[in-house]
Undergrad: 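This is the structure, below, for whatever I ask next.
Sequence lines set the chain letters: A, B, ... in the order given, protein chains first and strands last, and positions in each chain run from 1.
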Amino acid sequence: MRRLFVKMYGLVDCDNCFVSCERVFRPDLEGHPVVVLSNNDGCVISRSREAKDIGIRMGMPYYQMREHYRDKEVTAFSSNYELYGNMSNRIMNILREEAPIVMQYSIDEAFLDLNGMENINIKEWGENLSLKILKCVGMPVSIGIAKTKTLAKIASEFAKKYPGYNKCCYIDTDEKREKAIKVFPIDDVWGIGRKNSVKMEYFGIHTAYDFTLKSKSWVLKNFSITGVRTWFELKGYDCIPLDSLDSKRKSICTSRSFPNMIENFDDIRTHISNFAVRCAEKLRLQHSVAGLVTVFIDTNHLRYDLPQYGNGMSITLHTASNATQTIVKACFSILCDIYKEGYKYKRGGVIVTDICDECAVQTDFADYDADNHRKMHVLTSTIDNINRQNGKDMVVLGSQQYKGKSNDGKNLKFSNAVKRALKSPNYTEPYKFIVKSK
DNA sequence: TCTGGGGTCCTAGGACCC
DNA sequence: TCTGGGGTCCTAGGACCC
C-alpha cells in the first residue's frame, strides 16, 4: 500500500528556560520557587513551576514581588544572558545533530522540519531527544510534533502540562488534532494575543476548535489575514513557511532603561554611544549594513510627578554602513537635536534600519571615500578580533567610558551601567589565566 | 526608591503621480 | 482650469511573538 506522506513539524521548547539554566548549577533549588529578573532587576521574566503555583505573575515588578511573597523564600536571580546564550547554543547544537532542518525561533525555542523521517517512530524519537537534552545540558524541554507550526506549539503545551506524554506530544491524526483543539483555550493559541482574546470572548469563541468552526470570510473580516493564517493552521493546513522565520534581522535595536534617572547630557551620550556600538556589532555579525539610524530618549513615564518628555529622530547615512564610528557619529548628531535640558531621562536606545547585505552597498558618489572606508573596515575588524579573543569590551571607544564611581570609590566600567545585583557566576565561561609579566 | 528588551508583520491614512 | 479616480509608496501605530 502506498503511504501518503504528510510533512511534520516539531517544536522544542525549554521549560522555564532562564530559571532552568540557573538551576542546572544550583540543584539545591530544585522544588523551590525561583525567578529570574529583567535588566536592572526590574521585573520577573522567568518563573519556576513553584513560583507560578504561588501566584507570582510574569512581568511583576521585583519590589512588589519581594513585598508580597516575603514569607515564601523565593530565590531571585538577575538575568545572566551570557549563561543563557551559552546553554541555548548547546541545545541548538544537539538539535542540529538530530533533526534534518532546525530553525531557531528564540533563545529557548526551535522549530524542526521533520521531512525525511517518516520511516521512524517519531514519538519515540521525540522522547529520546528530550532525554538527550536533559542528560547533556541539564535543560528540561517539551516537544510538540504536528502537521503545522501552530499545532506543534499546542502539542508542546500538552507535553509540558501532562507528564503522561513523557515530554513529547505527537498529533499525527485528524482525530487527535480535533480532540486537542477542543480543549485548548483560544487565548493560548500562537498568534492570538490579548486584544484578540477579548474579541474572541465577545464572539463567544472559547477554544481553538470554536474558532475553526467560523467561516474563512468571517475570520478575514474580523481578524485580518493573520487571523486567517492561524485559522488554516488550526485546521491542519501548513501556511507559515519555516524560512519566513529565518531571515536576517530587518531592524536592530539596542535600548535600555538606565539604573537611575539621568539629566546630564554627557552621561546620556555615554549610554547612547554604547547602544550604537552594540548595534554596529550586531550588524557586522550578520554581515549587513544599515542606511538609517534612529536615536530615542524618554523620561520615566511611571513618575507622574515629574515633567515628561520623549523624542526620537533618524538620520539617513550617505552610504549604508556597519562601521562603529559612523554609527556613533550619526547618533551623537541626533542626540544633540533631541536632548532637552531640565528633564530626568530614564530610557534611551538606538535603532538601525534600512538593512541590506554588506556586499551590496549602494555608494553615494558625492560622499564615498574608498580609502577612508577601507581604513574604517580594517580598524573595526581589528577591534572585533581583539574583543572576540580577549573578552567583550576589551577595546572600547573613549565615548563609551562610563564616568561614575562605585560605592567603594572605584571608577565604574560602562558595563556596570545596568544593575544586576543578584547575578549568578558565568558558569559556562572558560577559566581565564592572567599572565603577569615582570 | 525600585516597573524589561528585542523583534516581526499588518493596516490605515496621507502624499504624490498620472 | 476644473474634477474624479486609481495606483503606489511611505510612515506611524497597533498587534503579535519570545
Undergrad: Ignoring backbone atoms, establish whether A/Ser251 has a side-chain N or O less than 4.0 Å from OP1 or OP2 of B/dG6.
TA: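 Answer is no, no contact under 4.0 Å.
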
Undergrad: OP1, OP2 of B/dG5 versus side-chain N and O of A/Ser257: anything below 4.0 Å?
TA: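 For B/dG5, OP1/OP2 do have a side-chain N/O of A/Ser257 under 4.0 Å.
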
Undergrad: What is the nucleic acid contact for A/Lys153, judged by heavy atoms within less than 4.0 Å: base, sugar-phosphate only, or nothing?
TA: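 Answer is sugar-phosphate: A/Lys153 comes under 4.0 Å of backbone atoms only.
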
Undergrad: Answer yes if the side chains of A/Glu127 and A/Tyr165 hold a donor-acceptor pair under 3.5 Å, and no otherwise.
TA: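 No.
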
Undergrad: Does a side-chain N or O of A/Arg347 approach OP1 or OP2 of B/dT3 to a distance below 4.0 Å, or not?
TA: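 No, no such contact exists.
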
Undergrad: Please report the distance, rounded to the nearest Å, between CE in A/Met261 and P in B/dT1.
TA: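 After rounding, the gap between these two atoms is 10 Å.
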
Undergrad: Tell me whether A/Ser142 contacts the main-chain N or O of A/Lys167 through its side chain, where contact means a donor paired with an acceptor under 3.5 Å.
TA: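 No: the side chain of A/Ser142 does not pair with the backbone of A/Lys167.
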
Undergrad: Expressed as a whole number of angstroms, how long is the span from A/Gln104:CD to B/dG7:C1'?
TA: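 Spelled out: CD on A/Gln104 to C1' on B/dG7 is 14 Å.
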
Undergrad: Measure from NZ or CZ of A/Arg66 to the centre of the six-membered ring of A/Tyr62, then state whether that distance is under 6.0 Å and the direction lies within 45° of the axis.
TA: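 Yes, A/Arg66 sits over the ring of A/Tyr62.
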
Undergrad: Do A/Ser424 and A/Arg26 pair up side chain to side chain, a donor and an acceptor below 3.5 Å, judged on atom types alone?
TA: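 On atom types as modelled, these side chains do not qualify, holding no pair under 3.5 Å.
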
Undergrad: With the criterion being N/O to N/O and under 3.5 Å, what pairs connect the protein with nucleotides 8-15 of chain C, and how long is each?
TA:
none

Undergrad: Quick one: bend of the helix from B/dG5-C/dC18 to B/dC18-C/dG5 from 5 pairs per end, to 10°?
TA: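 Nearest ten degrees gives 10° for this helix.
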
Undergrad: With a 3.5 Å distance limit and no angle check, can you tell me whether A/Ser88 reaches the backbone of A/Ile107 through a side-chain donor-acceptor pair?
TA: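 Yes; judged by distance alone, with no hydrogens or angles, the pair exists.
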
Undergrad: Compare the minimum distances between each of B/dC2, C/dC18, B/dG6 and the side chain of A/Arg66, then state the nucleotide with the smallest one.
TA: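 So the side chain of A/Arg66 is nearest to B/dC2.
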
Undergrad: Rounded to whole angstroms, how far apart are CD on A/Glu67 and C1' on B/dT1?
TA: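 Distance, rounded to whole Å: 13 Å.
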
Undergrad: Is the phosphate of B/dT3, meaning OP1 or OP2, less than 4.0 Å from a side-chain N or O of A/Arg303?
TA: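 A/Arg303 to B/dT3 OP1/OP2: no side-chain N or O under 4.0 Å.
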
Undergrad: What's the CD1-P distance between A/Ile262 and B/dT1, to the nearest Å?
TA: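 It is 20 Å, rounded to the nearest whole Å.
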
Undergrad: Which atoms form the tightest heavy-atom contact between A/Lys214 and A/Trp231, and what is the distance?
TA: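 So the two residues come closest at O-NE1, 3.0 Å.
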
Undergrad: Does A/Arg269 make a cation-pi contact with A/Phe332 (under 6.0 Å, within 45 degrees of the axis)?
TA: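 Because its charged atom sits under 6.0 Å from the ring centre and within 45° of the axis, A/Arg269 does stack over A/Phe332.
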
Undergrad: Look at the side chain of A/Tyr63 against the base of B/dT1 and say whether a donor-acceptor pair falls under 3.5 Å; ignore hydrogens and angles.
TA: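 When only heavy-atom distances are counted, A/Tyr63 does not reach the base of B/dT1 through any donor-acceptor pair under 3.5 Å.
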
Undergrad: Nearest nucleotide by nearest heavy atom, which residue falls closer to the 5' end of DNA chain B, A/Arg256 or A/Leu302?
TA: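 Between the two, 5'-proximity favours A/Leu302.
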
Undergrad: How close or far is atom P of B/dG5 from atom NZ of A/Lys282, stated in whole angstroms?
TA: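 About 11 Å, once rounded to whole Å.
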
Undergrad: In whole Å, measure the gap between the P atoms of C/dC17 and B/dT3 for me.
TA: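 Each nucleotide's P atom is 26 Å from the other's.
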
Undergrad: Within the structure shown, what part of the strands sits under 4.0 Å from A/Ile107 by heavy-atom distance: base, sugar-phosphate, or nothing?
TA: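 The answer is nothing, as A/Ile107 stays clear of every strand by at least 4.0 Å.
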
Undergrad: Check every strand shown and say whether A/Val350 touches a base, only sugar-phosphate, or nothing at a heavy-atom separation below 4.0 Å.
TA: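 Contact class for A/Val350: none.
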
Undergrad: Just to be sure I understand the rule, does A/Asp108 reach a base, reach only the sugar-phosphate, or reach nothing, if contact means heavy atoms closer than 4.0 Å?
TA: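 Sugar-phosphate contact only.
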
Undergrad: Which part of the nucleic acid does A/Thr254 contact within heavy-atom distance under 4.0 Å: base, sugar-phosphate only, or nothing?
TA: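 Result for A/Thr254 = sugar-phosphate.
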
Undergrad: When you match A/Met58 and A/Cys253 each to their closest nucleotide on DNA chain B, which lands nearer the 5' end?
TA: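 The residue closer to the strand's 5' end, by nearest nucleotide, is A/Met58.
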
Undergrad: Indicate, with a heavy-atom threshold strictly under 4.0 Å, whether A/Ile225 touches base, sugar-phosphate, or nothing.
TA: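 The residue A/Ile225 makes sugar-phosphate contact but no base contact.
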
Undergrad: When the distance from NZ of A/Lys346 to P of B/dC2 is rounded to whole Å, what number comes out?
TA: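 The answer, rounded to whole Å, is 7 Å.
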
Undergrad: To the nearest Å, give me how far apart CE (A/Met65) and P (B/dT1) are.
TA: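 Those two atoms, CE and P, are 19 Å apart.
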
Undergrad: Return the orientation label for the A/Tyr84 and A/Phe18 ring planes: parallel under 30°, perpendicular over 60°, tilted otherwise.
TA: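 Taking A/Phe18 first and then A/Tyr84, their aromatic rings lie parallel (interplane angle under 30°).
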
Undergrad: Around A/Lys282, counting heavy atoms of other residues, nucleotides and ligands shown, do more than 12 lie under 6.0 Å from its NZ?
TA: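 Yes - once you tally the heavy atoms of other residues, nucleotides and ligands closer than 6.0 Å, there are more than 12.
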
Undergrad: To the nearest angstrom, how far is A/Asp15 atom CG from C/dC18 atom C1'?
TA: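 A/Asp15 atom CG is separated from C/dC18 atom C1' by 15 Å.
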
Undergrad: Flag this pair as yes if the NZ/CZ of A/Lys182 is under 6.0 angstrom from the six-membered ring centre of A/Tyr209 and inside a 45 degree cone about the axis; otherwise no.
TA: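 Yes, A/Lys182 and A/Tyr209 form such a contact.
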
Undergrad: Is the CD atom of A/Glu341 crowded by more than 12 outside heavy atoms at less than 6.0 Å?
TA: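 Counting neighbours around CD of A/Glu341, 12 or fewer heavy atoms of other residues, nucleotides or ligands fall under 6.0 Å, so no.
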
